[in-house]
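Remember, it's 1-based here, ligands and their atoms both numbered in the order they're listed.
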Amino acid sequence: MDDKRNIAFSPPDIGQAEIDAVADAMRSGWITTGPKTKELERKLTEFTGAAGVACLSSATAALECALRALGIGEGDEVITSAYTYTASCSPICHVGATPVLVDTAPGSFEMNYAELGDLITERTKAIVPVDIAGRMCDYDRIEGVLATKRVLWKPENDLQRLFDRVIIVADAAHSLGADYHGRKSGSVADFTTFSFHAVKNFTTAEGGALAWRDAGFDSDEFYRGIMLQSLHGQTKDALAKTQASAWEYDIAFPGWKCNMTDIQAAIGLVQLERYPALLARRREIIARYEKGLADTDAILLGHYGGWANSSGHLMLVRMPRKSEAFRNAVIEVMAEDGVATNVHYKPLPLFTAYRTLGFDIADYPNAYRQYCCEITLPLHTKLSDDDVDYVVASFKRALIEADSRVLQESD
Ligand SMILES: *Cc1c(COP(=O)(O)O)cnc(C)c1O
């Protein structure tokens, strides 16, 4: 196309305020977990309406910590979606539990709630729904399914006994700031994991958080348990140990290492101030895409309306009845125009790791069909309106051009 641009897929939106905050943290004399991390936890608790929030090094770490805190491990089963990133599932493997994957509903990116009940056994301890693209799952429906399987629920420790059904640990890596029936992500599922990785809506470069709802356990004690897990099982963090003559500590158990640093939290505190404006800009961009693509037969994920307001994380687009080769050709043509796109997601059973665990893509026909014709367009707050129009024009050009390329290939 004329006046070729370079449109990145998801660059971080870092401004002078974040840069200044990092410099301040660096000069403050305290760079690892400390007052800024604690402040970010307080602010995220307020923002999400959760009972408590623990900041950690990643969403993956948050999910692992949650599963361990719940005492989930060998002999247990945990259900998640086949249509997600590996990090929704690998923590299940890390704690020694058995992952169970559920197919998507036909034509949907969400797990097939109708199939969910059949997968629950006496060993099922948790389910990890994925708020794909920032749109929250139908948690009332999930709770409804779990309620019908209450007779199979076999809690095995005090924390599990506070629940009368399989525990919901949401993979909300995409959905910070989203809401469901007016409730914010973080206060809907029993436990919620957020990612602050560089490509996410809200970033601390690397980072994540675990949020929880009030389920009758002591929030402060639960928080201390997560902190212990994240810092070697050590009973005093580095800051507490700096108090004069307060050197002594205990190691409660051989813990892990996945704490957040104050440098990361400094970025997060600025991002949180800016976040309402960032979410509003995402909404504008999505509206512009919807308008620009209305005259194509591409189907855009509905981010807003009904019971949910998405955080507008990913612009998922389906090209119905198109082949995988066609989708790949569209990606190529758009790359020639300087537009970076992506695919969300390649279903887990297509990867070596999950094939090796015995998963077969033939058992996930809906997820497979969904994947074959999916393309993710750039959606981020560094895009100007003109950039969005350029992506729309490139996508339309690609829809025409891809047809002839695929034909040539099959000659
Ligand atoms: C990014 C992502 C994660 C992992 O987040 P990290 O903070 O990198 O651990 C998990 N699930 C989904 C769906 C993601 O997109």
Side-chain angles (χ1 to χ4, degrees), residues 9-12 37 40 44 53-68 78-95 99 101-102 104 108-111 126-137 168-178 185-186 189 191-211 226 229-230 256-261 264-265 267-268 271 282 301 303 310-316 341-348 350-351 353-354 367 370-371 374 376 378-380:
F9 181 72
S10 187
T37 307
L40 183 58
L44 284 170
V53 170
C55 282
L56 296 160
S57 62
S58 70
T60 309
L63 182 50
E64 271 190 31
C65 286
L67 295 177
R68 280 194 219 106
V78 178
I79 300 172
T80 190
S81 176
Y83 204 87
T84 186
Y85 185 56
T86 182
S88 310
C89 190
S90 50
I92 300 168
C93 304
H94 297 168
V95 300
L101 298 179
V102 56
T104 50
S108 166
F109 292 105
E110 285 171 43
M111 57 171 63
I127 170 172
V128 181
V130 182
D131 293 342
I132 197 160
R135 189 181 161 87
M136 291 174 71
C137 292
I168 306 172
V169 188
D171 179 341
H174 299 177
S175 72
L176 182 73
S185 180
F191 298 86
T192 301
T193 60
F194 296 113
S195 174
F196 309 147
H197 177 263
V199 302
K200 302 303 201 283
N201 280 18
F202 170 106
T203 188
T204 58
E206 292 282 357
L210 173 65
I226 298 295
Q229 280 201 53
S230 75
W256 294 266
K257 189 68 189 349
C258 53
N259 54 316
M260 176 179 277
T261 71
Q264 292 168 299
I267 305 173
Q271 290 262 300
R282 284 179 177 271
L301 174 81
H303 278 273
S310 161
S311 64
H313 179 53
L314 293 172
M315 192 70 248
L316 300 184
T341 59
N342 229 311
V343 174
H344 294 88
Y345 283 97
K346 191 166 179 170
L348 297 183
L350 286 173
F351 291 108
Y354 296 98
Q370 199 74 359
Y371 149 78
E374 195 279 335
T376 313
L379 171 52
H380 56 80

> Relative to ligand 1, is Ala59 under 4.0 angstrom through side chain, backbone, both or neither, heavy atoms considered?
Replying inline: both
>> Rounded at 0.5 Å granularity, tell me how far SG in Cys89 sits from NE2 in His94.
In response: 9.5 Å
> So which protein heavy atom does atom 9 (O) of ligand 1 come closest to, and at what separation?
Replying inline: Thr60 OG1, 2.4 Å
> Of all the heavy atoms in Lys200, does at least one lie under 4.0 Å from an atom in ligand 1?
Replying inline: yes
>> I need the nearest protein heavy-atom contact for atom 11 (N) of ligand 1: residue, atom name and distance, please.
In response: Asp171 OD2, 2.7 Å
> How close does the nearest protein non-hydrogen atom get to atom 15 (O) of ligand 1, and which residue and atom is it?
Replying inline: His174 NE2, 2.6 Å
> Can you tell which part of Glu206 has a heavy atom less than 4.0 Å from ligand 1: side chain, backbone, both or neither?
Replying inline: neither
> Is it the side chain, the backbone, both or neither of Tyr83 that has a heavy atom closer than 4.0 Å to ligand 1?
Replying inline: neither
> Closest heavy-atom contact between Leu379 and Met315?
Replying inline: CD2-N, 3.7 Å
>> Just verifying a value: how many Å separate Phe109 CZ and Tyr83 OH, rounded to the nearest 0.5 Å?
In response: 5.0 Å
> Closest non-hydrogen protein atom to atom 5 (O) of ligand 1, residue and atom name please, with distance?
Replying inline: Ser195 OG, 3.2 Å
> Would you call Gly207 a ligand 1 contact, heavy-atom distance under 4.0 Å?
Replying inline: yes
> So with a 6.0 Å cut-off around OH of Tyr354, is the heavy-atom count from everything else above 12?
Replying inline: yes
